[in-house]
Amino acid sequence: QLEVICCAIIRPPRDGGIRYRGLTQEQIRSVQILPVDYEIEYICRGNRVIVGPKVRKCLPNGTWTDMTQHSRCLLLCPRVWTSLENGRVAAKPPGPPVEGTVLHYSCHAGFILEGRNISHCTKLGKWDAPKPTCLYLHKQKKKPFTSIVFTFVLSCKKKLYIGALFPMSGGWPGGQACMPSAQMALDLVNNRSDILPDYELELIHYDSMCDPGEATKLLYDLLYTEPIKIVLMPGCSGVSTLVAEAARMWNLIVLSYGSSSPALSNRQRFPTFFRTHPSATLHNPTRVQLFQKWKWTRIATIQQTTEVFTSTLDDLEQRVKEAGIEISVRQSFLTDPAVAVKNLKRQDARIIVGLFYETEARKVFCEVFKEKLYGKKYVWFLIGWYADNWFKIKDPAINCTVENMTEAVEGHVTTEIVMLNPETVRGVSNMTSQEFIAALMSRLGGKNPEETGGFQEAPLAYDAVWALALALNKTVAPLKAKGRRLEDFNYNNHDITSEIYRALNTSSFEGVSGQVVFDAQGSRMAMTLIEQLQGGSYKKIGYYDSSQKNLSWFGNDVWIGAGPPADRTVVIEEYRFLSQKLFAAVSVFAGLGILLGIVCLTFNIYNGNVRYIQNSQPYLNNMTAVGCMMALAAVFPLGIDGHHVLRPQFPVVCQFRLWLLGLGFSLAYGSMFTKIWWVHTLFTKKDEKKEKKKQHLEPWKLYATVGVLLAIDFLSLMIWQIVDPLHITVEKFTTEAPKEDLDVLIQPLLEHCSSEKMNTWLGVVYGYKGLLLLLGIFLAYETKSVSTEKINDHRAVGMAIYNVAVLCLITAPVTMILSSQQDASFAFASLAIVFSAYITLVVLFVPKVIQRSNVSLSARLGTKSSLCCTMHENHKLLKPHVVQSDSSVFDV
């Protein structure tokens, strides 16, 4: 017989499920049996709880533990029925109040039960009867009818309880001042005969530490512990979010004195939430107004990762986008801001909006000091509700001194909701804002306000109690008309909650914090105060009313530099221009070269009838001289840049460069190439063909060859300019810091003549020209030993071709490499053009000039010698005897 070592899967209870520990969803779908000792856990959906065994374990016999006991998921009835003030509650069966639970009520001595003494929890999760109350029994005097009559009367004032959460520590220890302020308001309200005369407000409060986790436990205690609270008053946005979301399930109004999260303005999510502290988004219109005032279009942000700051930043991002302002950097941190601050520095953030609690602010600015992210180049925007000396408070979490912190925070700007009425008026509490501050200081027992958390928000807590008292007072008459009373409130009574909601929603009174009015989302409407830290203390520099879009500016803002800093490092574009000295020097050489070309051309034309010049093909030489002059003329537009002409005119200069250099090369080099080509064609053939060839060198063929080369260049340049014309392109270089201590960077720029497919066109032109140059070198080498009278200067042409070809083949790639260095590129290209032209003109024309000079001298000497000889002969014929008799003299 085999031993069973596993258990079969069992079904979960209705409205529930099973948690399989250690199994994935895929495994759960496929598994059919589970091993011995494996545990499963029942879970219920919604507001249901397990009644019966919650955990079952697989036994060796193949069954699960406690299978005789059923597990059910039942709705939980409100636990508030399970306790009774001044009385006792007996629950049957014991355990959580679920379907079938019966509660029996009884009161202590001296109290009498009002309402049913028994209540059943139904399957709908509700009790079948309202919760009873124990009323104080007071024995009245005997009536005239000798019978003892007892009547039930309330004590002088019936208590209404407010459940409050004051953060006495944590990220925002606002309860340190807000709790005494609220208690002060309660005392005044309870002493007023015209406000809630039959009631007394009492505060039941706990320290939430500004921690939602801690607040969860405290909220449970508030709701499930007697007495019933008619309103909840939390502080701190994270805590208020938790409380407000839960309050709707308990029909409770939530009135917060210290919550600024924009998320709390969501009426669908938080239908019963009000706050005397305006939404944090109220800061954003003020910030945008200041950005525009100081002409900033680029900002950065750094935030603590909490809902209040994330929501605020989302709203700010939308507002700055509408204003045409860019958020260039957005950083966040959880506990350590070091990396976020370094990123701000790395990305050149200048105008920085910081959203974090006071304790984190000290960490941030310690890192700001280390990264030198402060001073005349930077402006920080912070929240204004920190203590005035927040940066001087010693904090073991940071390793910066007070001096370091004071230096880092100097000059920052804060936006703060106006929380204390600046006018001397008596509001509903018959107290001015100045009298309130004096009374609060007395309650604080001489504590330093700068070191007391929530001191700035204390007027909001004070006015929150007054808003609640006035709203409750306003509900008394409507509730009485319906036969209801405030003391009838319980967590299932929606009617009373609705009346309180309507009363709060229409509240409008003058408080110590100013006019108290709530908008449609339950948020306080208020003005914004703008302050700047100047010399270690905050100075008011303006107010902004976002509803009226009115900025009241005092004009006393102070800056570390000459004025508000730039929102980024100012990059000054600076064009690099050609050295004018270099341009002038090369232009002189080019001008002299053109003058030399004119002299050579004039000489060639003037002596065109001289035989040896005729045999050198003077028309081709004329073309060479013109081509050299055109190439030299190209030096001038090659050196002209934005320093000489306006930007719209620059493409014309580019065209001149291209056409002058292209056609000049074709004329100068093409005519020389033509000579060498035809010399090679005619005079390097076999001997029997040479004589015939010598007789058929017709000039038109030479001109036609030059024409073909010129036409090829002309057509290629024309196609280039039509298809892809030259235009200006600007090359950007790495930014440079100026020598002076200025908050600027220099962005060097260089203008180039270019086209969309510049490299393709240059490849075609350089390839074609390069082949011609190489072919010219080859032909010059092949014809170096040829001697002919038809083209008698072909050896000089070959020498010129050698020089031009070598210079061009070197210059073309080098200038492309040096294109980003305007002086070097121009010097190399222009000097190559000048030397090529000079060499060509000198090699071709100077020998002709010398030879012409020699011929002229020889002719003059020859004429003179002939004349002398003629005279000597005539003399001999006329006087022979003299010659004979004086022969010795002639010999001498």
Side-chain angles (χ1 to χ4, degrees), residues 287 290-291 294-306 309-310 312-313 316-317 320 325-383 386 390-392 395 397-415 532-533 536 558-572 732-747:
R287 290 172 180 142
L290 292 177
F291 298 156
W294 288 318
K295 297 179 173 60
W296 292 327
T297 59
R298 181 176 181 264
I299 65 168
T301 62
I302 178 172
Q303 63 154 120
Q304 185 179 354
T305 308
T306 59
F309 300 131
T310 301
T312 304
L313 193 52
L316 177 63
E317 189 169 10
V320 297
I325 299 171
E326 171 197 6
I327 297 182
S328 60
V329 187
R330 184 169 177 170
Q331 293 293 318
S332 61
F333 65 92
L334 190 60
T335 56
D336 185 4
V339 174
V341 173
K342 287 179 180 178
N343 288 337
L344 291 175
K345 177 76 172 182
R346 188 180 303 114
Q347 299 185 51
D348 193 34
R350 297 303 184 89
I351 313 304
I352 308 167
V353 178
L355 301 174
F356 28 72
Y357 286 116
E358 180 179 318
T359 52
E360 307 306 313
R362 286 189 281 271
K363 296 179 184 178
V364 169
F365 275 88
C366 184
E367 297 300 325
V368 165
F369 176 80
K370 295 174 184 176
E371 297 295 328
K372 304 299 179 186
L373 202 65
Y374 64 93
K376 65 180 181 180
K377 298 180 181 179
Y378 306 94
V379 177
W380 281 83
F381 281 80
L382 301 183
I383 303 166
Y386 302 160
W390 64 270
F391 53 91
K392 296 179 181 178
D395 191 337
I398 62 175
N399 56 358
C400 293
T401 64
V402 173
E403 291 74 19
N404 297 153
M405 295 291 290
T406 303
E407 182 180 351
V409 300
E410 179 64 24
H412 76 261
V413 177
T414 65
T415 53
Q532 186 182 38
L533 190 70
V558 176
W559 303 98
I560 299 174
D567 59 5
R568 69 198 77 192
T569 301
V570 177
V571 179
I572 299 176
K732 291 187 177 182
F733 298 90
T734 305
T735 54
E736 303 170 352
K739 295 180 181 179
E740 300 83 3
D741 183 21
L742 300 174
D743 187 21
V744 297
L745 287 175
I746 304 299
Q747 173 67 73

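The residues of the chain are indexed from 1 along the displayed sequence. All values below come from the heavy atoms of this structure, side chains included, with hydrogens, waters and symmetry mates left out.
In this structure, CG on Leu355 lies 6.5 Å from CD on Gln303, to the nearest 0.5 angstrom. Expressed to the nearest 0.5 Å, how far CG of Leu382 lies from CZ of Phe356 amounts to 5.0 Å. For the atom pair OG1 of Thr734 and CD1 of Ile746, the computed distance is 13.5 Å after rounding to the nearest 0.5 Å. Interatomic distance, OG1 of Thr301 versus CZ of Phe309, reported as 12.5 Å (0.5 Å rounding). Taking OG of Ser332 as the reference point, atom CG of Asn343 lies at 10.0 Å (rounded to 0.5 Å). How far CD of Gln304 is from OG1 of Thr310: 9.5 Å, rounded to the nearest 0.5 Å.
Distance alone, capped at 3.5 Å, is enough to place a donor-acceptor pair between the Asn404 side chain and the Thr401 backbone. Checked by atom type and distance alone, the side chain of Trp296 never pairs as donor or acceptor with a backbone atom of Ile325 at under 3.5 Å. Arg568 places no side-chain N or O within donor-acceptor distance of the main-chain N or O of Asp348, the cut-off being under 3.5 Å. Within the 3.5 Å criterion, the main-chain N or O of Phe333 finds a donor-acceptor partner in the side chain of Thr305. Proximity of a side-chain donor or acceptor of Asp567 to a complementary backbone N or O of Arg298 within less than 3.5 Å is detected. Without hydrogens or angle criteria, Gln747 side chain to Phe733 main chain gives a donor-acceptor distance under 3.5 Å.
Using a 4.0 Å cut-off between a side-chain N of Lys or Arg and a carboxylate O of Asp or Glu, Arg362 and Glu358 qualify as a salt bridge.
The minimum heavy-atom distance linking Arg287 with Thr312 is given by the pair NH1-CG2, 4.1 Å. Among all heavy-atom pairs drawn from Glu317 and Ile327, the shortest one is CA-CD1, 3.8 Å. Across every non-hydrogen atom of Ala566 and Ile351, the tightest pair is O-CD1, 4.2 Å. When all heavy atoms are compared, the tightest approach of Ser328 to Gln347 is O-OE1, 4.4 Å. Considering every non-hydrogen atom in both Ala349 and Leu373, the closest pair reads O-CD1, 4.3 Å. Listed here is the closest heavy atom pair of Pro565 and Val379: CG-CG2, 3.4 Å.
Within 6.0 Å of atom NZ in Lys342, 12 or fewer heavy atoms from other residues, nucleotides or ligands are found, so the atom counts as exposed in its surroundings.
No side-chain heavy atom of Val364 sits under 4.5 Å from any side-chain heavy atom of Glu367. With contacts defined as side-chain heavy-atom distances shorter than 4.5 Å, the pair Ile398/Met405 qualifies. Looking only at side-chain heavy atoms (C-beta outward), Phe381 and Ile299 stay at 4.5 Å or farther from each other. Residues Cys400 and Lys370 have side chains in contact (heavy-atom distance under 4.5 Å, counting atoms from C-beta outward). Using a 4.5 Å heavy-atom threshold, the side chains of Leu344 and Tyr378 count as separate. Here the side chains of Trp390 and Thr359 are not in contact, with every heavy-atom distance at 4.5 Å or above.
Taking the six-membered ring where tryptophan is involved, the planes of His412 and Phe365 are tilted, since the angle between them lies from 30° to 60°.
Between Phe391 and Phe369, the gap from one ring centroid to the other reaches at least 6.0 Å.
Neither side chain, Tyr374 nor Glu410, offers a donor N or O lying under 3.5 Å from an acceptor on the other.
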